[in-house]
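Worksheet: the structure to be examined is printed underneath.
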Amino acid sequence: MKLQENLIRLRKQKGLSQEELAYQLGISRQSVSKWESGTSVPELERLVEISELYGVSLDELVKGENSVVQGMVITDEQLHRVIRKTREYEYKSRLKIGNLPLVHINLGYGKKVAKGIIAIGNIAIGVLSLGGLSLGVLSLGGIGMGLLSIGGLAIGGLCFGGLGIGYMAVGGLALGIYACGGLAIGQTLAIGGKAIGHIAIGASATGKYCLEGSNISGREILLFLRTIPESLPNWLFNALTSSSLSIMKIK
């Protein structure tokens, strides 16, 4: 049985139209039509995708030898490309908001960019993003950039990371208006082992107003802040009076 006949038979067994198959493969309906008419042959990577979609082996799909597809010898480079392709995954939801899919997942070797409301990829760009490099309102990644970001390097309004840079930053090294970390550098307030800021609290503190010590409790921090003549935002005092911070110790 010829390849084009197999393609038609397996597609119909799967209950797919040419348009539906084309959508799942991310190609045009005309390409599917050409394959099934025998005027063109799918690339090797496409054959792998089709065989996985139909749940059959390449041998069963093309009815040839492992190393031959329609008389074409598979080179080492093509074989390696197929192996890489089988380790890649991409999903893009049909539902869109504006021009962006609700969900876009793009994982694999190399530069895999995912753009969606929810984006997951080597590089993720979205409202909610997760990736090696993530950009979004809420971003989680090796490098996270967003309104709320969490990562090895986190940059944003509120950020948590090994290195945190933002309006409010928490990390091993924290840089921000308000910073808390092993080394905290804050324009207004810094809390950490080594604290540098206008108001500095830590084992080693440098600033206009300093509270320095090796064992400082949350209660001592509150008492210290109330002695400062300059006003601090209410949300900061609310955060400092939370149950979790009331037992905090700066060492």
Side-chain angles (χ1 to χ4, degrees), residues 100 113-251:
L100 291 176
V113 180
K115 295 181 180 180
I117 303 303
I118 301 173
I120 302 173
N122 296 3
I123 300 174
I125 303 171
V127 176
L128 171 59
S129 57
L130 173 61
L133 169 60
S134 59
L135 309 172
V137 176
L138 173 58
S139 59
L140 299 90
I143 300 175
M145 302 181 189
L147 185 62
L148 171 59
S149 59
I150 301 173
L153 168 59
I155 302 172
L158 174 59
C159 56
F160 301 86
L163 170 57
I165 304 173
Y167 181 79
M168 183 171 183
V170 179
L173 169 58
L175 309 173
I177 305 299
Y178 305 98
C180 180
L183 170 57
I185 302 174
Q187 181 177 330
T188 298
L189 173 65
I191 301 175
K194 171 69 173 178
I196 302 172
H198 184 68
I199 302 171
I201 303 169
S204 174
T206 303
K208 182 175 181 180
Y209 303 101
C210 297
L211 176 61
E212 191 171 76
S214 58
N215 193 4
I216 306 171
S217 69
R219 184 176 298 278
E220 288 175 303
I221 292 174
L222 287 175
L223 293 174
F224 164 69
L225 292 177
R226 289 193 179 106
T227 66
I228 295 174
E230 300 177 14
S231 62
L232 291 172
N234 291 330
W235 66 264
L236 180 59
F237 278 104
N238 291 335
L240 292 173
T241 54
S242 67
S243 59
S244 60
L245 200 56
S246 65
I247 58 172
M248 182 187 73
K249 296 280 187 178
I250 301 296
K251 297 182 179 180

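Numbers here are sequence positions counted from 1.
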Sequence neighbours left out, cut at 3.5 Å: what donor-acceptor pairs do the side chains of residues 158-179 make with other protein atoms?
none

Task: Gap separating the NZ atom of Lys115 from the CD1 atom of Ile125, nearest 0.5 angstrom - done: 5.0 Å
TODO: Could you tell me which residues satisfy ring pair (Phe, Tyr, Trp, His ring centres under 6.0 Å) with Phe224, sequence neighbours excluded, listed by chain and number?
DONE: none
Task: Qualifying salt bridge (charged side-chain N to carboxylate O under 4.0 Å, His left out) pairs with a residue from residues 159-174, counting only residues at least two apart or across chains - done: none
Open item on the list: One pair to check against side-chain contact (heavy atoms from CB on, under 4.5 Å): Leu140 and Leu128. What are the steps and the verdict?
Closed with: CA-CA 8 Å; Leu140 299 90; Leu128 171 59; 4.3 Å; yes
Task: Closest approach of Ser217 to Glu220 (non-hydrogen atoms, all atoms of both residues) - done: N-OE1, 2.7 Å
Task: Closest non-hydrogen atom pair, Ala119 against Gly116 - done: CB-N, 3.8 Å
- [ ] To the nearest 0.5 Å, tell me how far Leu138 CG sits from Leu148 CG.
- [x] 5.0 Å
- [ ] Any pair with a residue in residues 114-157 that passes ring-ring contact (aromatic ring centres under 6.0 Å, His included), sequence neighbours left out, goes on the list, sorted by first then second residue, please.
- [x] none
- [ ] For Ala184 and Ala190, work out which heavy atoms get closest and say how close.
- [x] O-CB, 3.6 Å
Open item on the list: Using side-chain heavy atoms (C-beta onward) and a distance below 4.5 Å, is Leu211 in contact with Leu225?
Closed with: no
Open item on the list: Rounded to the nearest 0.5 Å, what separates atom CG in Leu130 from atom CD1 in Ile118?
Closed with: 11.0 Å
TODO: Keeping to residues at least two apart or across chains, list the side-chain hydrogen bond (donor to acceptor under 3.5 Å, both in side chains) pairs with something in residues 184-204.
DONE: Lys194-Ser204, His198-Glu230
- [ ] Name all residues meeting the side-chain contact (heavy atoms from CB on, under 4.5 Å) criterion together with Ile117; count only those two or more places apart in sequence or in a different chain, and write none if there are none.
- [x] Ile97, Leu100, Leu102, Val127
TODO: Test side-chain contact (heavy atoms from CB on, under 4.5 Å) on Leu189 and Ile201 and set out the steps.
DONE: CA-CA 8 Å; Leu189 173 65; Ile201 303 169; 4.2 Å; yes
Task: Nearest-0.5 Å distance that lies between atom CD1 in Ile199 and atom CD1 in Ile191 - done: 9.5 Å
- [ ] Scan for side-chain hydrogen bond (donor to acceptor under 3.5 Å, both in side chains) pairs involving residues 122-137, sequence neighbours excluded, and state none if there are none.
- [x] none
